[in-house]
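A short write-up of the structure that comes next.
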Amino acid sequence: MANSNLPRRIIKETQRLLSEPAPGISASPSEENMRYFNVMILGPSQSPYEGGVFKLELFLPEEYPMAAPKLGRICLDILKDKWSPALQIRTVLLSIQALLSAPNPDDPLSENIAKHWKANETEAVETAKEWTHLYASGE
Amino acid sequence: MDSEDNMDDFSYEYEYEYDDDDDDDDGNGVYNEDSNETTTIHRKKYIVLNKDDIQQRQEDDITKISSLLSITRVSATILLLHYKWSVNKLQDDWFADEEKVRTAAGLFEKPIVHYQSSNKVTCAICFEEYTRSRMPAAGCGHLFCVSCWNSYISTSIKDGSGCLMLRCPDPPCGATVGEDMINRLVSEDGKEKYSRYFIGSYVEGNQTMKWCPGAGCGYAVELAVDTESYDVSCNCTFSFCWNCTEDAHRPVDCSTVSKWTLKNKDESENVNWILANSKACPKCKRPIQKNQGCSHMTCRYPCKFQFCWLCLSDWSNHPTCNRYDGTGKNKEIERKRKMAKKLLDRYSHYYERWAANHSSRKKAIVDLNIMQTEHMENLSNKQCTPETQLTFITDAWLQIIECRRVLKWTYAYGYYLPEDEDVKRQLFEFLQGQAESGLERLHECAEKDLQVYLNAEHIKGFDAFRIKLAGLTRVTKDYFENLVQALENGLSDVDTDRWWSCTHCTYFNQMSAADCKMCILPRIIPQ
């Protein structure tokens, strides 16, 4: 089974994530596959996402840490060409949290939302707050 | 053209520039010499380099930079890779702002991290503890264990040439991993790949150098800076245009070649052919080509419709169709078909001749090879002539190969020559015709006349044959060289005093002709 041959690095990272979680971030491995993590990131305070709970799935490929962890479609340089084996799951999740505090409309997943953000930030922030309340309030 | 002197100057400078600082006289690469001895002097417009030549040049550059900037060879290599081997730019930048160059290239003067004096350090990649002495670091001092370094570098080498500028795994650090660490920490296989990228970086970073596109060829070709011709011939015998890396194609330019190549591949010519030579089945619309004499057509399974080839109506109620129907709706289709046929005929004319010369050239290459491997020794014995004195035969064949290539491309040239430029077209066709008959004469002499001497001991006529073949080779060579120049100049000689245009029929005559070759009327010289 995949779990039996888990590299020491992954075991240590997992232990540390569970024993000293970063503020506003929780990551726990799935029971069947220790390379598969369920992640929750709290919307940073004073951001439109405050009060929201954002769920992610993270997977450590066979080549990890030489290759980056696999996450959904997130435009983050350290998940692509800027990945380094000296980075960790924790650093990746902190970067994502930071992205929620300071979204980058120049590198968007949704072109329309980025346009809206650039044209009328106040309005876009309102929409983000609304959607956070509607879809990410954790209920 | 008076540029031959310049060519000489160039080759001289070239030799000076690259060979003066090392004493091995084979230098860094061999000047390509046309095997025809008479042309070697002004043909040194490019150099063919093999792997060793390139490595030698890299070594020389590293030595130069290392001593000039007083840095280690490893550091010099990092800088040169960062500067894509531009020695001059590197020097300028370095002496203008050393710090800036160091930062950009990731070359650290001294380590930026220092570990506590404790003997054990945790590797930040695998989280295992190791004694410090067993943990290498790049110039920055960030320690990682040997096994993680190995994986890190190997992964990067697998990913491509980016490994040449690999940085320390510590994210913000940016120190470049030098060649010494690569050699110390990765497998033989990885080292070999790295070395390939390393050599490649020199060719790819150099604006005047390209890899030969010949199949499986590992040579690179360096072009002289101000050369006018891009046609080069690699040591692997592949001739190509240095600019577009297609087959050599003087006298036509690269854009004509790409147009012509595209056209030859283009489906549209097939469409034209189908339009011109076939008719659509009136029922299933599939194109049909008539392959038997009678007009009773039967379409293929599953359609099986039977119709008349001439009027396309159902065969079963088709007594005759000989009566002319002026209002027929087929008239437009017929007009289009004729138009397409005309265009296609024109294209086929040029394409057939282009292709014929292409295969003729290929055959000549094979023939030359047979000549060299099978016949030369035999001929030498039969005619009591040393092989060294039979080079005129090889020269002739090389000339034939070159001429077939030129002639081939004149057909692409002709195809794109505007049809309304009558004077140019006439001149072009005249020159091309002369070239063709000249080449045929040479080709025949080298192919047929020679047979006699291969088969029998025929010492008497052999000297005359030598004079004839060598003479034909020289004349044809001169003619083709002039032809190439004339075509490359866009036939701008049209207005010179070598030609006169007939006032009666506008035909373009050679100056020596007193009467027009076309309408036989005498030349009238305007007052």
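Quick note: numbers below take in every heavy atom, side chains included, and nothing from hydrogens, waters or symmetry partners. Chain letters run A, B, ... following the sequence lines, proteins first and then strands; every chain starts at 1. What you are looking at is a predicted structure, and each value in this text was computed from that prediction instead of being measured.
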Original post:
Which atom pair, heavy atoms only, marks the closest approach of B:D170 to A:S84?
Top reply: N-OG, 4.4 Å
Subject >> Spatial distance of atom CZ (A:R9) from atom CZ (B:F127) [nearest 0.5 Å] >> reply: 4.5 Å
Subject >> Test side chain to side chain contact (heavy atoms under 4.5 Å, CB included) applied to A:M66 and B:Y152, step by step >> reply: CA-CA 6 Å; A:M66 291 306 152; B:Y152 182 63; 4.0 Å; yes
Original post:
Among B:P169, B:C123, B:S151, which one satisfies side chain to side chain contact (heavy atoms under 4.5 Å, CB included) with A:P85?
Top reply: B:P169
**OP:** Side chain from CB out, backbone as N, CA, C, O: work out which of these in A:E13 comes under 4.5 Å of a heavy atom of chain B, or both, or neither.
**Re:** both
Original post:
Quick check: are there more than 12 heavy atoms from other residues, nucleotides or ligands sitting under 6.0 Å from CE of A:M40?
Top reply: no
**OP:** Please state whether the side chain, the backbone, both or neither of A:P7 comes within less than 4.5 Å of a heavy atom of chain B.
**Re:** neither
Original post:
Where do A:L87 and B:P171 come nearest, in terms of heavy atoms and distance?
Top reply: CD2-CG, 3.3 Å
Subject >> B:K110 NZ: over 12 foreign heavy atoms closer than 6.0 Å >> reply: no
Subject >> More than 12 heavy atoms of other groups within 6.0 Å of B:K191 NZ >> reply: yes
**OP:** Might you confirm whether atom CD of A:E57 has over 12 heavy atoms from other residues, nucleotides or ligands at distances under 6.0 Å?
**Re:** no
**OP:** Under 4.5 Å heavy-atom distance to chain A, tell me which part of B:T155 shows up: side chain, backbone, both or neither.
**Re:** side chain
**OP:** Inspect the surroundings of CZ in B:F240 and state if more than 12 heavy atoms from other residues, nucleotides or ligands are less than 6.0 Å away.
**Re:** yes
